[in-house]
Number of protein chains: 2
Amino acid sequence: MVTMRDIAKMAGVSHSTVSRALNNDPRISPKTTEKIRQVAEDLGYSLDIRGRVLAQGRTFTIGLAIPNITNEFFLPVIRGVEHKAAEFDYSLILCSTRADMRFELEAVRLMAERRVDGLIIAWTDDFEGIIGKLEPNKWPVVFIGNALEDSPYPFIDCDHRSGAYDAAKHLIELGHKHIAFLAGPLISIDAGERLDGYKQAVEENDLVPDMWEGDYTRSSGYTQGKKMLSCRRRPTAVFAANDWMAMGVMSAANELGIKIPEELSVIGFDDVAPARHLLTPLTTVRQPAQQMGRTAVRMLLENGKPKSKRVVLGTELVVRKTTHQAIEKR
Amino acid sequence: MVTMRDIAKMAGVSHSTVSRALNNDPRISPKTTEKIRQVAEDLGYSLDIRGRVLAQGRTFTIGLAIPNITNEFFLPVIRGVEHKAAEFDYSLILCSTRADMRFELEAVRLMAERRVDGLIIAWTDDFEGIIGKLEPNKWPVVFIGNALEDSPYPFIDCDHRSGAYDAAKHLIELGHKHIAFLAGPLISIDAGERLDGYKQAVEENDLVPDMWEGDYTRSSGYTQGKKMLSCRRRPTAVFAANDWMAMGVMSAANELGIKIPEELSVIGFDDVAPARHLLTPLTTVRQPAQQMGRTAVRMLLENGKPKSKRVVLGTELVVRKTTHQAIEKR
DNA sequence: CTCCTATATGCACACGGTTGCATGAATTGG
DNA sequence: CCAATTCATGCAACCGTGTGCATATAGGAG
């Protein structure tokens, strides 16, 4: 492998001159620079960034820890982070933590050892554990998702409450009177906020809440969907707290011969890719996942003066084909 | 930031002793080792892997260049690479090349500068360009996908031909006599092979091929689907060369009021997540994407003796709900 | 007591760049 | 023609860790 010292020898200069020439230092004469460039080219030189990294104290790398690569939901987050990082000429180190705290802490250790210039932790359950690991050396970190409103750590999340409110409002405006809500696991922060949004909308309009609990998986949507749709007075609309459960509900409705959207409106949350591609594409609330990724990178890298440590992004109601005017009551 | 020299000073030893102690060198006495461990702990020491990297000449990092993070199809590949790399205690640097050769070469340069221990290039169109960049320094590389059978470079792909053959055969065994094939863009290598597999199966059974060309996008599936299903004698089964196009065809059928699978069987290729989640889930040929990722890492990292430079994995026919016995001819 | 052998640790250099400061050469002004 | 200044380059230290070899100390055998 050819180094700057090799080039220096060939060009009859010192290796510091080579370094400066290749970095366009104006103090090196154009003639020398040109010569060095030429020799470098001839020898097939390739910069070894490891030297620079050690000398300059930066790694031009950021780390991203994602709970579960398997879940399509995180894909746009990764994309956002990758693209924004690339804009800054930064590389991305990706770790999947399998939603397991041990792996998560392991990933943090790994990235700290690599001295990444910044760390993005997505949807962790253990803020304190991570901060504890990072604290001794004050590594810069940004969290995405799962954020408490009064979190002392820099985070990015979206407004689940108002997103859920919008979704419920949408159904109400279509004339639905009986709107069931299929909640996520209520230990989770966003699940609680989404429930709140639903409740607020329903109560503001003098409707009675009808709450069921799932666990954000498709199969829980299916099971609970079967139950709620077999009730004597079944809802005319279901708001599922995420798309996976919404798809489970659709499955259940399908098996029960209930037509969507004519006989049942369904709305989800997140705007996950598979839901977009259904034959009757799902109406949902889009979480700006890609933008969340981009913003996280910006917060980490943008010239040191973070305007704010907390960012809450808005959501967007995406009306597609699964919501429909309520049928009149007989 | 506390370094080994700091620890050494505190513990009254030299930094080489610290290095050895922390690496469990048996030559350091248990007493000293324990003491050094303790001091390291007290000072909140964290290994800086950059030093090791430079000293040992390895980076414990592999690079993965993916054409397009946006496409869910690549997700299992990333997962496979990430998991396998983690098993080896390797980190993963991820680059999305936006299916643009310039970005691709840029990504290769970046990873080379970072001195990754191995490079995985997924579905490139420009093997020579990349090898040209890598050649001068003989960086280890493995390609995934888009492989020519006689490629001189180490690659992993799956057997598109036999996969397509299986798909067509499946339809034939269900009694279909008129099976349309919606091909991918025929410049692409796998598109050609899939077409060959289809042709072989159809001809072996004395059926007449009915070939249409798409471009692997959902919308091309929709457009061509509309056309082929509006023919006077429309096919009873469609084999789309990938899942996205299959979903387009299903959309078209849906709009034309053609019932799937009763009136039309549809089969895809790849087993992309959204196709799995349709209300009537798609029958398809699974490309072992995750395993391809894992294998690529293994080829790069496993103790230097690659058994073979070319791996062609098998595919798996996944029968779900979109294929059905052919209706009898009247 | 002396010699030999383990055992434990330190010294110094290596890895591949970057950078503050010094030095030598060339140019300019008087 | 000399001094002052600018310009181009080299020297050497540095970043944090790993490692071959030398050295110091202790323990055991004769």
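Heavy atoms only: backbone and side chains are in, while hydrogens, waters and symmetry mates are out. Labels below follow one simple rule: chain letters A, B, ... track the order of the sequence lines, proteins then strands, and each chain is numbered from 1.
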Participant: Separation of B:Arg115 atom CZ from C:dC15 atom P, in whole Å?
Facilitator: 14 Å
Participant: Any salt bridge linking A:Lys84 with A:Glu87? Criterion: basic side-chain nitrogen under 4.0 Å from a carboxylate oxygen.
Facilitator: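 A:Glu87 and A:Lys84: salt-bridged.
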Participant: Please give, in whole Å, the distance from D:dG16 C1' to B:Asn23 CG?
Facilitator: 13 Å
Participant: Would you kindly give the CD1-to-C1' distance between B:Ile49 and D:dC15, to the nearest whole Å?
Facilitator: 16 Å
Participant: Would you kindly compare B:Val18 and A:Asp48 by the position of their nearest DNA chain C nucleotide and give the one closer to the 5′ end?
Facilitator: B:Val18
Participant: Report yes if a side-chain nitrogen or oxygen of B:Arg52 is closer than 4.0 Å to either non-bridging phosphate oxygen (OP1 or OP2) of D:dG18; otherwise report no.
Facilitator: yes
Participant: Report the distance from atom CZ of A:Arg114 to atom C1' of D:dG16, rounded to the nearest whole Å.
Facilitator: 15 Å
Participant: Is the shortest heavy-atom distance from the side chain of B:Arg50 to the side chain of A:Glu113 under 4.5 Å?
Facilitator: no
Participant: Send over the distance from A:Arg50 CZ to D:dC15 C1', rounded to a whole Å.
Facilitator: 14 Å
Participant: Using 30° and 60° as the class boundaries, would you call the ring planes of A:Trp123 and A:Phe73 parallel, tilted or perpendicular?
Facilitator: perpendicular
Participant: B:Thr3 near the nucleic acid: base, sugar-phosphate alone, or nothing, with a heavy-atom cut-off under 4.0 Å?
Facilitator: sugar-phosphate
Participant: In whole angstrom, give the distance that lies between atom CG of B:Leu54 and atom C1' of C:dG17.
Facilitator: 8 Å
Participant: Nearest 0.5 Å, please: how far is NZ in B:Lys309 from CZ in B:Phe155?
Facilitator: 12.0 Å
Participant: I'd like to check A:Gln56 versus A:Phe60 (side-chain heavy atoms, cut-off strictly below 4.5 Å). Are they in contact?
Facilitator: yes
Participant: State whether A:Ser19 places a side-chain N or O below 4.0 Å from either non-bridging phosphate oxygen (OP1 or OP2) of C:dT18.
Facilitator: yes
Participant: Where each residue is assigned the nucleotide of DNA chain C containing its nearest heavy atom, which of B:Thr32 and A:Ser16 is assigned the position nearer the 5′ end?
Facilitator: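 Comparing both residues, the 5'-ward one is B:Thr32.
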Participant: Examine D:dG16: is either OP1 or OP2 under 4.0 Å from a nitrogen or oxygen in the side chain of B:Tyr45? Give yes or no.
Facilitator: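 Looking at the OP1 and OP2 atoms of D:dG16, neither is under 4.0 Å from any side-chain N or O of B:Tyr45.
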Participant: What is the distance from CG of B:Leu22 to P of D:dG16, rounded to the nearest Å?
Facilitator: 15 Å
Participant: Side-chain N or O of A:Thr17 versus OP1/OP2 of D:dG10: is the shortest distance under 4.0 Å?
Facilitator: yes
Participant: In terms of the nearest nucleotide of DNA chain D, which residue is placed more toward the 5' end: A:Arg5 or A:Gly12?
Facilitator: A:Gly12
Participant: Give a yes or no on whether a donor-acceptor pair under 3.5 Å exists between the nucleobase atoms of D:dG20, that is its base, and the side chain of B:Arg20.
Facilitator: yes
Participant: In whole angstrom, what separates B:Ile28's CD1 from D:dT25's P?
Facilitator: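 That distance rounds to 16 Å.
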Participant: Applying a 4.0 Å non-hydrogen cut-off, can you work out what A:Ser29 is touching in the nucleic acid: base, sugar-phosphate, or nothing?
Facilitator: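 If one applies the 4.0 Å heavy-atom cut-off, A:Ser29 turns out to touch the sugar-phosphate alone, with no base involved.
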Participant: Strictly below 4.0 Å: does B:Gln56 bring a side-chain N or O up to OP1 or OP2 of C:dA14?
Facilitator: no
Participant: Side chain of A:His15 only, heavy atoms from C-beta on: which candidate in C:dA8, D:dA13, D:dG16 is closest?
Facilitator: D:dA13
Participant: Regarding A:Leu47, tell me which of base, sugar-phosphate or nothing describes its non-hydrogen contacts under 4.0 Å with the strands shown.
Facilitator: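 The answer is sugar-phosphate, as A:Leu47 gets under 4.0 Å only of primed atoms, P, OP1 or OP2.
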Participant: Using the side-chain heavy atoms of B:Arg27, tell me which of these nucleotides is nearest: C:dG16, D:dG18, C:dT9.
Facilitator: C:dT9
Participant: Determine whether a donor-acceptor pair (N or O, by modelled atom type, separation under 3.5 Å) exists between the side chain of A:Asp126 and the backbone of A:Gly129.
Facilitator: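 It does hold such a pair.
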Participant: Reckon B:Val13 touches a base, only the sugar-phosphate, or nothing at all at heavy-atom distances under 4.0 Å?
Facilitator: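 Sugar-phosphate contact only.
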